[in-house]
Number of protein chains: 2
Amino acid sequence: MARRQKSPVASGDLDARKATILHAVVTEHVDTAQPVGSSAVAATTDLDVSPATVRAEMVALEREGYLAQPHTSAGRVPTDKGYRYFVDHLERGAVGAVQQHQVRDFFAHVRGEMEDVLEQTSKLLSQLTSHTSVVVGAGHSRASILSAQLVNLDAHHHLLVTVFSDGTVTKHSVMDAAGAGAADVAEASRQLNALLIGTTLSSRIQVPSRADDVARLVREAASALHEAAPTIEGEQVYIGGSSRVAESFDGVETVRAVLSILEQELVVVSLIEDILDADVSVAIGSEHGLEPLSACAVIVAPVTLEGETVGALGLLGPTRMRYREVMATAQAVSDELTRHFGGEPGA
Amino acid sequence: MARRQKSPVASGDLDARKATILHAVVTEHVDTAQPVGSSAVAATTDLDVSPATVRAEMVALEREGYLAQPHTSAGRVPTDKGYRYFVDHLERGAVGAVQQHQVRDFFAHVRGEMEDVLEQTSKLLSQLTSHTSVVVGAGHSRASILSAQLVNLDAHHHLLVTVFSDGTVTKHSVMDAAGAGAADVAEASRQLNALLIGTTLSSRIQVPSRADDVARLVREAASALHEAAPTIEGEQVYIGGSSRVAESFDGVETVRAVLSILEQELVVVSLIEDILDADVSVAIGSEHGLEPLSACAVIVAPVTLEGETVGALGLLGPTRMRYREVMATAQAVSDELTRHFGGEPGA
DNA sequence: CGTTGGCAGTCGAGTCTAGTGAGTGCCAGT
DNA sequence: ACTGGCACTCACTAGACTCGACTGCCAACG
C-alpha cells in the first residue's frame with residue numbers, strides 16, 4: 001500500500017481502488033471458500049461505489065491476471081498472482097495475544113536436546129496454525145569433531161561414537177571379523193580420538209597403514225564415518241500435523257499427492273531451502289516448482305544462530321490461507337526459536 | 001478349512017458351503033469394492049448350485065453376523081466378523097516370487113545402523129503392500145550401559161554421551177553455570193563412566209555427594225540421564241507410506257482421523273503391542289479398541305532376536321484388504337528382518 | 001469521463017420425475 | 001433340499017425444470 005505507481009498498467013502496482021477490491025476478494029474468499037461477487041465487495045469495503053463499478057474493476061483485474069472466474073456466471077476467485085500481490089502488500093500484523101502467550105509458554109517450558117525441541121516445535125506450529133508444519137535443522141557439514149570413541153559391543157562388533165561441535169552425536173557400526181582384543185580396541189579408540197578431533201567430515205585424514213589389528217580397526221572406523229558423511233551431514237526434518245492436509249483440500253487425489261511429497265524428505269528440504277530467505281517468505285501455488293503442490297502455499301521462516309541460518313520452519317496449507325496470521329505465527333516462532341538457541345548454545 | 005464342526009449354529013465354524021460362499025464374497029468384494037450378489041457367487045464358486053440356494057445361505061450368514069447388506073436390494077458385504085472368519089480360515093500362502101526377490105534383494109543390500117534399517121524397512125513394506133506401514137523398534141529398558149562420556153561443548157555446556165549394550169546411543173545436555181575447567185570435566189567423565197558402566201536405566205546408582213565441581217558435574221549428568229529415562233526407553237517408531245491412507249479410504253473424514261492417529265506415536269505403539277503375538281496376527285475393524293480406526297485392519301508381525309521379541313512391524317489398510325498377500329509379505333519381511341539382525345547382532 | 005442503475009443472459013446447483021437394473025425374498029414345483 | 005420363477009425394493013441415472021447469484025453491456029447522469 002505504501003509504494004504506488006501512477007500508471008496502473010503492466011504488472012507493477014495496482015491503483016488504490018483495485019488494490020482494495022483485490023484485498024476484499026482475497027479475504028472474503030479465504031473466509032468463505034466461495035467465489036466472491038461484486039456486490040459482496042461493494043458491501044464489505046468502504047469504497048462507496050456501486051457493484052457495477054466494482055464489476056468494471058474486476059474485469060480489469062481479471063484481464064491483468066489477478067482474479068479468475070470459475071465459470072461465466074460466478075464471482076471471482078484470486079489467482080496465484082492475486083494472492084502474491086495480496087501477500088506482498090500485506091502490512092505485517094502482530095500475532096494474536098493467545099497465540100503469543102502459547103508460544104512463549106512453550107519455549108519457557110520446553111526442555112531437552114535440539115532434536116526434541118525441533119520436533120516439539122513442529123507440533124506447536126501445526127497446532128497454532130491448523131496447517132502442516134515442517135521444521136528443518138540444518139546439516140552440520142562445517143561442525144568439527146569434539147570426540148571420537150570406539151566402544152566394544154561384542155567379539156566382532158564395535159561402535160564408533162562421534163560428538164560434533166554443534167552438539168550432534170553419530171554412531172557407526174564397525175565390523176571386526178578377526179576379533180581384536182579389548183586392549184586393541186581401547187588403543188584404536190585412543191588413536192581415533194587423536195586423529196579425528198578438530199577435523200570435519202570433509203577433512204582428509206591420515207590413517208595408519210600398518211597391518212596390525214589396531215591400525216585395521218582405525219581404518220575401518222574412519223572409513224565407516226566418512227562413507228556415511230553424506231547421510232549424516234544431511235538435514236533433520238520434522239513434520240507435524242500431516243493430518244491437516246486432509247482438512248485443507250477436498251480432492252482425495254490432491255491430499256494423496258501432497259502427503260506423498262511430504263514423505264520425501266529430500267524434496268521437502270529442497271523446497272524449503274528454495275523458498276528460504278532472510279525474512280519470512282512465501283511461495284504460492286506454482287511459484288515453487290512442484291506441480292503436485294500447485295494448490296498449496298508454503299510459508300518459510302529462517303532460524304538463525306549467531307547470525308547464521310541454522311534451520312528453517314515451514315507451514316504448508318492451501319493457497320486459500322490466512323496469510324497474515326500464519327506469517328505472523330511463523331515469525332513469532334522463528335524469533336523465539338532463534339532466541340531459545342541463542343540463549344543456550346549447543347542445547 | 002481344516003477344523004470343522006458338525007453343527008453350524010452359534011459362532012463356531014461354518015459348514016463347508018457357507019464357508020465357500022463367505023470366502024467368495026470376501027474375495028470378490030476385496031476386488032471390486034462393490035456389494036456381492038448371489039449370482040456372482042454362484043458363478044465364481046465351483047459349488048454348482050443356483051443363485052437361489054446361495055441366497056438362502058446368505059440369509060443365514062447374515063443372520064449369524066458374517067455378512068451385511070448396505071441396503072435392502074443390494075448384494076452382501078462382509079462384516080468384521082466375516083473378515084475375521086475369512087482370515088482365521090485362510091491357508092497361509094507364500095509370498096509372490098517378485099516380492100520375495102524384492103525382499104531378499106533389499107536385505108542383501110541394506111546397510112547401516114538398526115535405526116536406518118528399520119526406517120528403510122517401513123518404506124519397503126508400504127511399497128510392497130500399497131498400505132501404510134509401521135515398524136516399531138523395542139525400547140531398551142533392559143540394555144546395560146557400555147560406556148558413558150562427558151564431552152565439553154563450550155564453557156557452560158557439556159554433553160553426556162551414553163552407549164548401551166543393544167547398540168543405541170543417547171546424548172544429554174548438561175548445563176554448567178559455574179563453568180568447571182577442562183580437567184574437572186575429564187575427571188567427571190571418568191567417574192561417570194566408572195559409575196554407570198554395567199548399570200541399566202532403572203538401576204539406582206550412588207552419586208558422590210561432595211560439593212566440588214567434579215562431583216556436581218557427575219550428579220548433574222547422572223540426573224539428566226535418569227530423568228530422561230522414560231523417553232529414551234521408549235520405542236522408536238517408523239511410519240512409511242502414510243499417503244496410502246488417502247488411497248484406501250474415500251471419506252475425507254476417515255482419512256483425517258486415521259492420519260491423526262498415526263501422528264500419535266504412543267497410540268500407534270500401544271495399538272501394535274496390543275495386537276502383537278508370536279505369529280502374524282490381525283486386528284479387524286473394531287477388534288482393536290480405536291474407534292477412528294474402525295474402518296481399518298491392522299496386520300502385525302513380530303521381529304525377534306535370539307528368541308526375544310525386539311520389535312514389530314505393522315501394516316494398516318482398509319478392512320477390505322488382500323489379507324493373504326499382505327500377511328504373507330509381513331511374514332516374509334519379519335523373517336528376513338529377524339534373520340538380518342540375528343546374523344549381525346548389534347548392527 | 002467515470003459512475004451508476006437497469007436489464008437481459010449465463011450457468012451451477014437443487015428438485016422432481018420417471019426409468020433402469022441389479023439384487024432380493026418368497027414360493028410352488030421337482 | 002434344491003431350483004426356477006416372479007413380484008418387489010431401491011440405489012442410481014438422466015432429463016427437465018426452477019431458482020438464484022452473477023455477469024456483461026448499455027444508456028443515462030453528474
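Below, chain A is the first sequence line, B the second, and so on; all start at residue 1. Because only heavy atoms are used, hydrogens play no part in the values below, and waters and symmetry mates are left out as well, while side chains stay in.
Whole-Å rounding puts the Arg76(A) CZ to dT23(D) P distance at 6 Å. Rounded to a whole Å, the NE2 atom of His29(A) is 14 Å from the P atom of dC22(D). Between the P atom of dG25(C) and the CG atom of Leu67(B) lies a distance of 11 Å, rounded to the nearest Å. Protein atom CD of Gln69(A) is 12 Å distant from nucleotide atom C1' of dA21(D), rounded to whole Å. Distance CZ (Arg55(B)) to P (dA1(D)): 18 Å, rounded to an integer number of Å. Residue Lys18(A) contributes atom NZ, which lies 12 Å from atom C1' of dG2(C) at whole-angstrom precision. Computed from coordinates, the Glu28(B) CD to dA22(C) P distance equals 15 Å when rounded to whole Å. Atoms CG (Asp48(A)) and P (dT3(C)) sit 13 Å apart, rounded to a whole Å.
Not a single donor-acceptor contact under 3.5 angstrom links the side-chain atoms of Ser73(A) to the base of dC22(D). Scanning atom types as modelled, no donor and acceptor separated by under 3.5 angstrom connect the side chain of Thr53(A) and the base of dT3(C).
Using a 4.0 Å cut-off between a side-chain N of Lys or Arg and a carboxylate O of Asp or Glu, Asp80(B) and Arg84(B) do not qualify as a salt bridge.
In this structure, Tyr66(A) and Tyr85(A) have perpendicular ring planes: the angle between them is above 60°, well past the 30° mark.
Nucleic acid contact for Ala52(A): base, since at least one base atom lies under 4.0 Å from a heavy atom of the residue.
The neighbour count for Asp250(A) CG, taken as heavy atoms of other residues, nucleotides or ligands under 6.0 Å away, does not exceed 12.
The side chain of Ser38(A) places an N or O atom within less than 4.0 Å of a non-bridging phosphate oxygen (OP1 or OP2) of dT23(D). Of the side-chain N and O atoms in Thr72(B), one or more sit less than 4.0 angstrom from OP1 or OP2 of dC10(D).
With Leu67(A) as reference, Leu22(A) is the one residue of Leu22(A), Val26(A), Val59(A) to meet the side chain to side chain contact (heavy atoms under 4.5 Å, CB included) rule.
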